[in-house]
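In what follows, a structure is listed as structure tokens, so that the remarks can point back to it.
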Amino acid sequence: MSATTPAGRLYGVGLGPGDPSLMTVRAVEVITGADVVAYHSARHGRSIARSIAARHLREDHIEERLIYPVTVEITDHPGGYQGAMDEFYEEASARLAAHLDAGRSVAILAAGDPLFYGSYMHMHKRLAHLYPTEVIPGVTSVSAASARLGTPLCEAEEVLTVLPGTLPEEELTARLASTDAAVVMKLGRTFPKVRSALERSGRLDEARYVERATMEGERTGALADVDPESVPYFSVAVLPSRVDAAPAPREQGEVVVVGTGPAGPLWLTPETRGALAAADDLVGYTTYLERVPHRPGQERHGSDNKVEAERAEFALDLARRGRRVAVVSGGDPGVFAMATAVLEAAAQDAYAEVPVRVLPGVTAANAAAARAGAPLGHDYATVSLSDRLKPWEVIAERLRAAARADLVLALYNPGSRSRTWQVGKARELLLEFRAPDTPVVLARDVGGEGERVRIVRLAELDPADVDMRTILLVGSSQTRTVRRGTGEEIVWTPRRYPED
Ligand code: SAH
């Protein structure tokens, strides 16, 4: 940059989705006033961006065509694909810098929006901190595609997820299952994988397809009907808003038994989140239903914790009438929770045809263990201290057997307002086999507002500290504790067991 010539301005110009009349007034102004117009293109030389802006280009514009050395083909560059690209970006930005240094303004054309999956960004990162720069936003293909479909994209509290189709199939499946609305970009070769992810996340029926939105050759339709061979890169998949979506007519519903994990949404798996969102009816204990976000059109059937069998039959009856039903438990639905009740009811002839699925959740033992360190790192046993569904003698015998075997113990349902003596009895029994200073994790309301996790010694375990929201993890002879530099005490059980 010489002292006499002020540097030129750099512009990243968003051109919108394809129809030149969808360029902004500012984009046209900037292109018209620029000295240099630059655009990326593949080796064949055609540039979609240039064709969108063509009517605003003049003979006296200097055109800089930035030709990619490779697109998807194999390269003989010693640094491979990345090496070839890095070299290309360096050369291209040096070329534009020379114009800027000479005082010429440079408009880099970008289809859609420049900062949204665009090539412009590679130039921006190399030049914007060195030259005065302005980015002109553009209408993205996301907006263009949903405008073309003419259906709401996302409404009220719905979440819109934008996904590159280049992600691995498992990742796409998880994201599609757990979002409301979605747009998947970069189809083309990725189409079969994206279609499969839509199917696996149970969302293929909702999916729409938009090709070349607002351009010549535009095509829209149901994604399920699209021939994979015919799909170009310039196409997207759209899952529109479900707010007013009529439930698909179904002959057969299903029951999905899910667990919320120990507390709120941070603990939901993507699969469970998806099943909860897709359900027509939610059935469960009111406390657990309250953890699930409200969704218009969805019915909630909250009930008291005790009538499990009735609740299971109620859910199966709904499913038999074509409804998609989620039966909601806390934690994992298979751990002292609704999954067995549902499967037991479903074993009756009347429900033989009703599909039932169980989805795993984060159980209280794992959540509590993680908070305290790694007390379950070696063999452990899970026991419910509730004698509502089994005699205390059975519980006592199992505790003795586990203690004799030197297993760590995860004790669910240790007590409640009406069951107050079980913890005291269990402590006495365990002290026959374990040292008084055995570490015990006392974890209450893990993940919730009343979370309290403490490490106490077995001899000091006080039944008054235990309630319905508490789980106990009792160490084995090998379980260790240490106080960290932060003052916090942590606990773990080594994976190696001593030989005797
Ligand atoms: N299905 C649940 C367990 C249901 S039994 C699960 O997998 O976690 C209910 C018992 O689980 C409670 O009495 C308590 O012992 C434990 N529990 C559930 N959520 C908890 C939480 N957030 N913190 C501590 N313990 C919890």
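As the structure lists them, so they are numbered: ligands from 1, and atoms in each ligand from 1. Note: hydrogens, waters and symmetry copies are ignored here, and every other heavy atom, side chains too, is used.
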*Per the side chain to side chain contact (heavy atoms under 4.5 Å, CB included) rule, which among Val327, Leu318, Leu289 passes with His301?*
Leu318
_Ring geometry between His122 and Tyr89 (parallel below 30°, tilted from 30 to 60°, perpendicular above 60°)_ = parallel
*Can you say whether the rings of Trp392 and Trp421 are parallel (under 30°), tilted (30 to 60°) or perpendicular (over 60°)?*
perpendicular
_Just to be sure I understand the cut-off, which residues have at least one non-hydrogen atom under 4.0 angstrom from an atom of ligand 1?_
Pro262, Gly330, Gly331, Asp332, Val335, Phe336, Ala337, Thr363, Ala364, Tyr412, Asn413, Pro414, Ala443, Asp445, Val446, Met468, Arg469, Thr470, Ile471
_So, taking the atom named OG in Ser119 and the one named NE2 in His124, what distance separates them when rounded to the nearest 0.5 Å?_
14.0 Å
*asked:* Measuring from atom CG of Leu198 to atom CZ of Phe191, what distance do you get when rounded to the nearest 0.5 angstrom?
replied: 8.5 Å
*With sequence neighbours excluded, residues passing side-chain contact (heavy atoms from CB on, under 4.5 Å) with Arg400*: Glu393, Ala396, Glu397, Arg404, Leu429, Phe433
